[in-house]
Amino acid sequence: MKAVNLTNRQARRFLLAHHGLGAQPEFTGKAGALSYIRRVGCIQYDPLNIVGRNPELVLQSRIPDFKPPLLQALLYEDRSLIDGMDKVMSIYPVDDWPYFSRYHDEARRYYGSQEAVAGALSEVRQAILSRGPLSSDDLDLDQTVDWAWAPTRLARAALESMYFWGELVVHHKKNNQKYYDFADRHLPESVLSADDPNITDEQYWDWRVFRRIGGVGVLWEKSGDAWVGIRKLKAKERRETFGRLYSDGRLIRLQVEGIPTPLYARTEDWERSAAAIDDPIESPRASILAPLDNLLWDRRLIAAIFGFEYIWEVYKPLQQRTYGYYVLPILYGDSFVARFEPGRDKRTGNLVIKNWWWESGIEPTADMMAELKRCFRRFMDFLGADTMEIDSGLAARESIAGLAT
């Protein structure tokens, strides 16, 4: 099959249509949130909460009138979604649980073989049986053990181990504190007892690579941040998997102007969203994106397609930051036009714009500013903030005073 040739702008339009970030919202309400996550496989979780946590920020940019309780209901009431490990900490549809059997089995072998964890399992199980969902603070297992990132209490290590291998699920969270309960109390038997759909290694790699391509929309066959979380996927396996998926007709090859490396999209995604690549955008929509948004999973790819270079700098030392501690990108139409550093007023809860940077070459028009104002009104509604505060010097320097009026 010949490659489909696309202009740079057509590639942008396809990606935005895939992610429901086009001129008109595609997804609405609970059903829309679930539909979007099913399309992309998972959305990434991060506990940091400056103006909402990452999965909430992902959904607010796609779901009109989104509020965090909607996601909480899908996770902990409807149980349509589940906290799990996919692109590291993630949220994915509960129906995908059987596909992670290999991960669960590997976690049981690894964590279950640790002497301290194995010795605590009986006590932890009995505590949850008798007392219900528990956090690590509810268990008197204070021994310090080596853990993934740093030494931690045995209580946490034991609960997380049982969670990693699928015996426990997150029952609910209070802020960032996880409360765990037995998976069989909350997940359908049909899900828990299902066999791993991927029998062979090839089937497993096909599923993981195919899923991750859909998570971004388009990907190239080379290393990058988009593959984070797929353990043991080496260059050889990735290359062979791309070849199989393309030969089977499950992928379509895209050749985008200015990008020598071929890109690939899932055929099903292309057939659904290709019509949008030439649609005129009469009323461009503005959106504030999450720092770990699916669209941004491969930073080099986004730089190549959108000319937008973005690095989340929260883990960089202050002196090494180009922009700020917590900076969010802003889309307008099919271009990234700005980025800003947000915050919340501790007393009032109001949104604060600490800093603002227009992208190179952007000259804000009256129409752009009007749509950005609407975008920030929606963002304030998502946060439950009554007003937005902008330092007068910043507002004057960056010509953004109108956003707060």
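Only heavy atoms go into these numbers, but all of them, side chains included; no hydrogens, no water, no symmetry mates. The chain is numbered in sequence order, starting from 1.
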**Distance flag, aromatic centroids of W165 and Y110, threshold under 6.0 Å** = no
**Message:** Taking Q44's backbone N and O only, do any of them form a donor-acceptor pair with N54's side chain (distance below 3.5 Å, no angle check)?
**Reply:** yes
**Item:** Cation-pi geometry met for R53 and Y45 (6.0 Å, 45°)
**Value:** no
**Prompt:** Does the side chain of R38 pick up a donor-acceptor pair with the side chain of S35 at under 3.5 Å?
**Reply:** no
**Ring centroid separation Y179 to H171 under 6.0 Å** = no
**Request:** Run the salt-bridge test on K67 and D381 with the 4.0 Å N-O cut-off and return the result as yes or no.
**Result:** yes
**Request:** Give a yes or no on whether a salt bridge exists between E268 and R272, defined as a side-chain N under 4.0 angstrom from a carboxylate O.
**Result:** no
**Item:** Atom pair CG (L331) and CG (L21), whose distance is rounded to the nearest 0.5 Å
**Value:** 6.0 Å
**Validation row: L245, D206 side chains within 4.5 angstrom (heavy atoms)** = yes
**Request:** First locate atom CD of E237, then atom OG1 of T241, and finally report the distance between them rounded to the nearest 0.5 Å.
**Result:** 7.5 Å
**Heavy-atom side-chain proximity of L251 to W270 below 4.5 angstrom** = no
**Residue among D345, T348, N350 satisfying side-chain hydrogen bond (donor to acceptor under 3.5 Å, both in side chains) with T387** = N350
**Verdict with reasoning, I213 to F210, per side-chain contact (heavy atoms from CB on, under 4.5 Å)** = CA-CA 5 Å; I213 293 171; F210 189 74; 5.7 Å; no
**Prompt:** Using 4.0 Å as the upper bound for N to carboxylate O, is an ion pair formed by D96 and R211?
**Reply:** yes
**N-O pairing of E221 and R238 below 4.0 Å** = yes
**Fill in**
dist I82:CD1 -> S90:OG (nearest 0.5 Å) comes out at 12.0 Å
**Item:** Electrostatic pair K222:D298 at N-O distance under 4.0 angstrom
**Value:** no
**Asked** Between atom OG1 of T28 and atom OH of Y36, what is the distance when rounded to the nearest 0.5 Å?
**Response** 15.5 Å
**Message:** In the structure I gave you, are the side-chain heavy atoms of L263 and I305 within less than 4.5 Å of one another anywhere?
**Reply:** yes
**Message:** Would you say that Y325 contacts I50 through its side chain, given a criterion of any heavy-atom pair below 4.5 Å between the two side chains?
**Reply:** yes
**D334 side chain vs R13 backbone, donor-acceptor pair below 3.5 Å** = no
**Message:** Looking at Y204, I'd like to know if the NZ or CZ of R102 sits under 6.0 Å from its six-membered ring centre while staying within 45 degrees of the ring's axis.
**Reply:** yes
**Item:** Pairwise side-chain contact, P98 with V191, heavy-atom cut-off 4.5 Å (strictly under)
**Value:** yes
**Prompt:** Ring centres of F100 and Y92 under 6.0 Å apart?
**Reply:** yes
**Item:** Separation between CZ of F336 and CZ of R12, rounded to the nearest 0.5 Å
**Value:** 9.0 Å
**Item:** Candidate list W358, W356, F308, test side-chain contact (heavy atoms from CB on, under 4.5 Å), partner R339, passing option
**Value:** F308
**Request:** Look at the side chain of R79 and the backbone N and O of P188, then say whether any donor-acceptor pair between them is shorter than 3.5 Å.
**Result:** no
**Message:** Determine whether a donor-acceptor pair (N or O, by modelled atom type, separation under 3.5 Å) exists between the side chain of S335 and the backbone of Y332.
**Reply:** no
**Prompt:** Does the E313 side chain pair with the main chain of V327, one donor and one acceptor, at a distance under 3.5 Å?
**Reply:** no
**Residues R378, E371: salt bridge by 4.0 Å N-O rule** = yes
**Message:** Set out, in order, the CA-CA distance, both residues' side-chain angles and the distance that settles salt bridge (Lys or Arg N to Asp or Glu O under 4.0 Å) for K173 and D83, then state yes or no.
**Reply:** CA-CA 11 Å; K173 295 174 186 165; D83 298 283; 3.0 Å; yes
**Complete:** Interatomic distance, CD1@I91 vs CD1@I43, rounded to 0.5 Å, equals 5.0 Å
**Prompt:** F242 and ring pair (Phe, Tyr, Trp, His ring centres under 6.0 Å): which partner among Y264, W220, W205?
**Reply:** Y264
**Asked** Between the main-chain N or O of R244 and the side-chain N or O of R250, is there a donor-acceptor pair closer than 3.5 Å?
**Response** no
**Asked** Taking the side chain as C-beta and beyond, is there a heavy-atom pair between R208 and D86 under 4.5 Å?
**Response** yes
**Request:** Report yes if some heavy atom in the side chain of W147 is under 4.5 Å from a heavy atom in the side chain of Q114; otherwise report no.
**Result:** yes
**Item:** Pair I390-F340, side-chain contact (heavy atoms from CB on, under 4.5 Å): steps then yes or no
**Value:** CA-CA 11 Å; I390 311 175; F340 76 107; over 6 Å; no
**Item:** H18 side-chain N/O to G214 backbone N/O, donor-acceptor pair under 3.5 Å
**Value:** yes
**Prompt:** Heavy-atom distance under 4.5 Å between the side chains of L187 and V94, does that happen here?
**Reply:** yes
**Asked** Taking the side chain from R285 and the backbone from G22, do they hold a donor-acceptor pair closer than 3.5 Å?
**Response** yes
**Message:** Closer than 4.0 angstrom, basic N to acidic O: yes or no for E26 and R39?
**Reply:** yes
**Message:** Looking at S61 and L59, would you say the former's side chain and the latter's main chain have a donor-acceptor pair under 3.5 Å?
**Reply:** no
**Asked** Are any side-chain N or O atoms of Q320 and backbone N or O atoms of P317, one a donor and one an acceptor, separated by less than 3.5 Å?
**Response** no
